[in-house]
Structure formats: structure tokens, C-alpha cells
Amino acid sequence: MKIIVGTRGSKLALIQTNWVVEALKKANPGIEFEVKVIKTKGDLVTHLPLHKIGDKGLFTKEIEQHLLDKEIDLAVHSMKDMPSTLPEGLKFANVPKREDPRDVLVLKEGYTNLDDLPKGAKIGTGSKRRTYQLLKYRPDLEIVPIRGNIDTRIRKIEDENLHGIVLAASGLIRADLEERISYYIPTDVMVPAPAQGALAIEIRKDDSIIEDIVSHIKDEATEIQVAAERGFLTGVNGSCHVPMGAYCDIKGDNITLTGLYGDEDGNKLVIKSLEGKIEDASKLGFELADIVLKEYNNL
């Protein structure tokens, strides 16, 4: 049996896809896997900020079409890139173990954290969620918009004379660049993107064989966190045009879900938390979204 796995062609996408393939091979010996690279709109248009070229789905639509056309058997994405609803005929298979969900700073030599940066320090990020949370904590910072893969962004510290950049911890760890991390930003300072650090394995709804093959690498704690965080994403109808984040912390049978939602200009930013049971993860996401939107609309 041969399974064709679709992915974007970026260095990180290939690292993530190969990690999934290796885990699947280990759990399903005797099955052959082939990786197929598919270019997406987000890969082709690199000179504009993400919110200027479309919505969530920039890095997924073309791959999903290959899946629907049965040119691939499953697709591997970063879960944080996935829209709140999937195309008709597709669904998520089980979710493998999540990497560190936090955002991190990669800083110029001589700096170690968010507090020792000089007044007016220049920090690079293309994310509104990261931008407005940084400015909430340090209003004096100058935020410089950047895009590109991990290596390109790190190079911009020198090329654009930045004090540092914000990236996802998971990408750096998976790319074997953990030593470049200067500072892990606590989740109470910067709420991560919903499901940041988790991988999405997308399959056809009617494909029970592939679903069973993927089920061998599922991680229950990650599934709970993803259900809660994506429940919030769906509840606020989040897009890349507005700052929006969610993080679920598990303690025993209980979870605490924190959600962030704001306007496009960062003038309004609501952050709230809600506690509940692990079995109500998705429902808690929707409940928190309702609370956050009510407060947001009253501002």
C-alpha cells in the first residue's frame, strides 16, 4: 500500500510533514509513503502582508483541492493556518502531539528578553495578534512588518537593523534552531494563535482506511487543547485580518481557556479566561467566544 502525502514546499512544512510520515511509518510498518509538494497562494505571493492577499486558507486551498481530486491521500498543515471550517468532503484525522505553543523572541546579540530592550526598539512581525500584544506590554516598541520563512526572518535582524523578531517556538524547535530562541514569551503576555504548535492532518471524510492509519499517532491532550482553541476560533469567526488568539491549559480533568480578540487597528483588545472540564473543551471555546464578543461589542 502506498500513501501520498501533500504539503507546502517550505523548509518548515517539509520538516513537519516528514515528522508525521516517520511517525506514521513507525506505527504502520509495511506501508509506503510518498511526499508531494504543492504550491499555495501564500507561497507564491510573498511581497505583501498576509491580511492584504486574502483570508485563512492562503496556505491550504490548493492542497485541499488535490485531496478532493484524490491526487493525494492526506495533507499535513500547521493547524494554526487552518480556517474555522473545512471544505465539504474533508475533515481532520486525529492530531499528533503538539510542540511548544508559545511565541518567542529571537534577539540581536546583547539582549535577552522583552524587558531589557531599549526604548523604541524595532521588533519584526507580520502578525496583528503579536503586534498589538507586544504594544500592550511595551507601547514604546516600533513594530516592523516582515514575512518569509524562518531563515529569511532571522536574517532580517541584520538586514533591516532590527532588535529582534517574534516567531513561533514550535517552528524553531522543529527546524533544529532552538539555540536561536532568546526568550519564551509567557502566554499571559502573549496569547498564542489557536492551535499554534499543533499539526493538522486533513483527509477525505469517507476515507476510513487513512483515518485508521492516522489514529495510531493521536495525542489526547493535544486533541483537547485543539478542540477548545478552535472552538473559540470558530465562535469569534476569526480571520487573519484581526488580532485573535487562544490557549488552553490542562490541569488534571480541568482546563483553563484564554481567548483574545481585537479590531484591525488594535484600538480594542479583549482578553478573557474561562474554566471548565476537559470533556467540554469545544463547548467551552464557543462559550468564551460569546463572552469575549459581548465585551468587545460594548467597548
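No experiment lies behind these values; they were computed from the predicted model shown. In this chain, numbering begins with 1 at the start of the sequence shown.
Contact check for Arg8 versus Asp81: side-chain heavy atoms found under the 4.5 Å cut-off. Within the 4.5 Å cutoff, the side chain of Thr187 has no heavy atoms near those of the Thr258 side chain. In this structure the side chain of Ser182 never reaches within 4.5 angstrom of the side chain of Thr112, judged on heavy atoms. Side-chain contact between Ile165 and Ile157: present, with at least one pair of heavy atoms (C-beta onward) separated by less than 4.5 Å. Leu274 is not listed as a side-chain neighbour of Thr256, based on a closest heavy-atom distance of 4.5 Å or more. In this structure, Glu202 and Pro87 have side chains that are in contact, with non-hydrogen atoms separated by less than 4.5 Å. Lys251 is not listed as a side-chain neighbour of Glu275, based on a closest heavy-atom distance of 4.5 Å or more.
Lys2 is linked by a salt bridge (Lys or Arg N to Asp or Glu O under 4.0 Å) to Glu34, counting only residues two or more places apart in sequence or in another chain. Partners of Tyr111 under the ring-ring contact (aromatic ring centres under 6.0 Å, His included) rule, at least two apart in sequence or in another chain, are His163. Residues meeting the side chain to side chain donor-acceptor pair (under 3.5 Å) test with Ser282, sequence neighbours left out: none. The side chain to side chain donor-acceptor pair (under 3.5 Å) search around Lys205 returns none, not counting sequence neighbours.
Residues in residues 17-30 take part in these salt bridge (Lys or Arg N to Asp or Glu O under 4.0 Å) pairs, two or more places apart or across chains: Glu22-Lys25. A ring pair (Phe, Tyr, Trp, His ring centres under 6.0 Å) check over residues 273-299, counting only residues at least two apart or in different chains, returns the pairs Tyr261-Tyr296. Contacts classified as ring pair (Phe, Tyr, Trp, His ring centres under 6.0 Å) and involving residues 185-215 (residues at least two apart or in different chains) are not found. Applying the ring pair (Phe, Tyr, Trp, His ring centres under 6.0 Å) rule to pairs touching residues 60-100 yields nothing, sequence neighbours excluded. Among residues at least two apart or in separate chains, salt bridge (Lys or Arg N to Asp or Glu O under 4.0 Å) pairs with a member in residues 89-106 are Lys91-Glu211, Arg98-Glu229, Asp100-Arg102, Asp103-Arg129, Asp103-Arg130. Listed by first and then second residue, the salt bridge (Lys or Arg N to Asp or Glu O under 4.0 Å) pairs involving residues 176-193 amount to none (not counting sequence neighbours). Legend: ring pair (Phe, Tyr, Trp, His ring centres under 6.0 Å) pairs involving residues 201-228, not counting sequence neighbours: none detected.
We find that Glu264 and Lys128 are joined by a salt bridge, their nearest charged nitrogen and carboxylate oxygen being less than 4.0 Å apart. Contact check on Asp73 versus Arg204 returns a salt bridge, with a Lys/Arg side-chain nitrogen under 4.0 Å from an Asp/Glu carboxylate oxygen. Electrostatic pairing of Asp151 and Arg155 does not count as a salt bridge here, judged by no charged N lying under 4.0 Å from a carboxylate O.
Although no hydrogens or angles enter the test, the distance criterion places no donor-acceptor pair under 3.5 Å between the side chain of Gln196 and the main chain of Lys80. No donor-acceptor pair closer than 3.5 Å links the side chain of Arg230 to the backbone N or O of Ala195.
Other residues sharing the hydrophobic cluster of Ile201, ordered by chain and number and joined by side-chain separations under 4.5 Å: Met1, Ile3, Val5, Leu14, Trp19, Val20, Val21, Leu24, Ile31, Phe33, Val35, Val37, Leu74, Val76, Leu199, Ile203, Ile209, Ile210, Ile213, Val214, Ile217.
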